Amino acid sequence: MKKLTLDKILQTQGFGTRKECRNLILHGAVGIGDEIVTDYGATPDTQDLTITVDGEPWLYREHLYIAINKPAGVECSRRPAVHRGVLSLLPDQFTVRDVQPVGRLDHDTTGLLLLSDDGTFIHAQSSPKRHVTKTYVATTQEPVTPELVAQLQTGVKLTDEPAPLAARARQLDTHQIEIILDQGKYHQVRRMLVAAGNHCVALRRTAIGGLTLEALGLAEGAWCYLDAAQTALLKAV
Ligand code: URA
């Protein structure tokens, strides 16, 4: 594997331009283990590498895989127009690394959202061919009925879709329904509920594939890194 120089390592981690990273190193701000390293051409092994920057430890990660419990009133767009952007809930360094949301949630939808700087991962997760399942809990305006559940499962026709869209659905409470989709059409849950004669008043994504918000234990607005075992859960269930 090609070795990266220390300045390049810092740059890939979002600590600034190559020049800025060299300056950090030359000024003694960067350490490996207990030692300050001032040679920006040093090529430490990146496997399990922890560097310190201004005394703060930083684990080298080639790519970032992040889960956030998105609050309401936050846009997934990288250039938010009306509400604050989801990237503002993450460290600035992640924006420098070009971390992007994997798919979108409406600004008023809460719950599990993935972000990454790995283009291959983003593409694979978003590909309709992979049918990665997304689980939502919708609070409805009208009571949930067995007919509503049946209708969603059989399929409802949306005006701009060629064929009726079906979901797996089950009633959770008088006004709460769990809906599992394996596609991600625009406003799909809200539009399916309207087409089935009800209305969504609140929407939360609780799982992507087998990765659940509950298992991650994230408070609203909180985020975490995902490890390999957790990213392996992100598939159709
Ligand atoms: N379906 C919706 O209607 N909105 C979302 O944010 C996600 C799925």
Side-chain angles (χ1 to χ4, degrees), residues 66-90 100-116 122-142 144 148-149 151-173 175-214 216 218 220-223 233-237:
I66 291 163
I68 190 167
N69 182 355
K70 179 190 161 308
V74 170
E75 283 184 36
C76 288
S77 162
R78 282 200 288 168
R79 284 178 202 78
V82 180
H83 304 275
R84 70 188 293 203
V86 69
L87 292 172
S88 71
L89 303 174
L90 297 169
Q100 304 176 31
V102 182
R104 300 263 169 114
L105 290 176
D106 300 336
H107 76 87
D108 49 353
T109 301
T110 60
L112 183 56
L113 176 74
L114 306 176
L115 298 107
S116 180
I122 295 173
H123 185 261
Q125 280 300 311
S126 321
S127 165
K129 289 193 195 126
R130 285 199 54 198
H131 297 288
V132 178
T133 36
K134 315 267 168 33
T135 305
Y136 297 89
V137 172
T139 306
T140 56
Q141 191 165 298
E142 308 302 331
V144 174
L148 174 72
V149 174
Q151 221 179 327
L152 292 170
Q153 306 217 94
T154 324
V156 290
K157 181 81 183 78
L158 304 184
T159 43
D160 55 346
E161 293 297 331
L165 298 181
R168 273 187 273 160
R170 69 184 173 113
Q171 177 161 8
L172 298 179
D173 210 332
H175 288 73
Q176 244 180 15
I177 184 166
E178 182 182 76
I179 296 179
I180 304 179
L181 302 177
D182 65 0
Q183 313 123 312
K185 311 277 185 188
Y186 181 68
H187 291 333
Q188 187 169 342
V189 171
R190 293 174 203 274
R191 292 194 301 143
M192 285 180 79
L193 282 169
V194 169
N198 206 315
H199 195 83
C200 180
V201 292
L203 186 61
R204 189 158 64 96
R205 183 153 72 190
T206 55
I208 298 175
L211 183 71
T212 66
L213 198 52
E214 192 180 9
L216 292 170
L218 291 173
E220 225 170 79
W223 63 272
L233 295 172
L234 298 168
K235 52 191 176 202
V237 289

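Whatever order the structure lists ligands and atoms in, that order sets their numbers, starting from 1. It should be emphasised that the depicted structure is a prediction, and the values quoted were computed from it without experimental measurement.
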For ligand 1, run through the N/O pairs with the protein that fall under 3.5 Å and put one pair on each line.
from     : atom 1 : to     : atom 2 : distance (Å)
ligand 1 : 1 (N)  : Gln188 : N      : 3.4
ligand 1 : 1 (N)  : Val189 : N      : 3.1
ligand 1 : 3 (O)  : His187 : O      : 3.2
ligand 1 : 3 (O)  : Gln188 : N      : 3.4
ligand 1 : 3 (O)  : Val189 : N      : 3.3
ligand 1 : 3 (O)  : Arg190 : N      : 3.1
ligand 1 : 4 (N)  : Asp106 : OD2    : 2.7
ligand 1 : 6 (O)  : Asp106 : N      : 2.8
ligand 1 : 6 (O)  : Asp106 : OD2    : 3.4
ligand 1 : 6 (O)  : Thr109 : OG1    : 2.8

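- Taking each heavy atom of Val102 and Gln125 in turn, the nearest pair found is CG1-CB, 3.5 Å.
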For a quick test of your reading: what N or O donor-acceptor pairs under 3.5 Å do the side chains of residues 206-214 make, sequence neighbours left out?
from   : atom 1 : to     : atom 2 : distance (Å)
Thr206 : OG1    : Thr135 : O      : 3.4
Thr212 : OG1    : Ala215 : N      : 3.0

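- Here the shortest heavy-atom pairing between Met192 and Leu165 reads CE-O, 3.0 Å.
- Across all their heavy atoms, Thr133 and Val237 have their closest contact at OG1-N, 3.0 Å.
- The minimum heavy-atom distance between Lys70 and Glu220, with the atom names listed, is O-CG, 4.4 Å.
- Donor-acceptor pairing under 3.5 Å is recorded for the side chains of Thr109 and Arg190.
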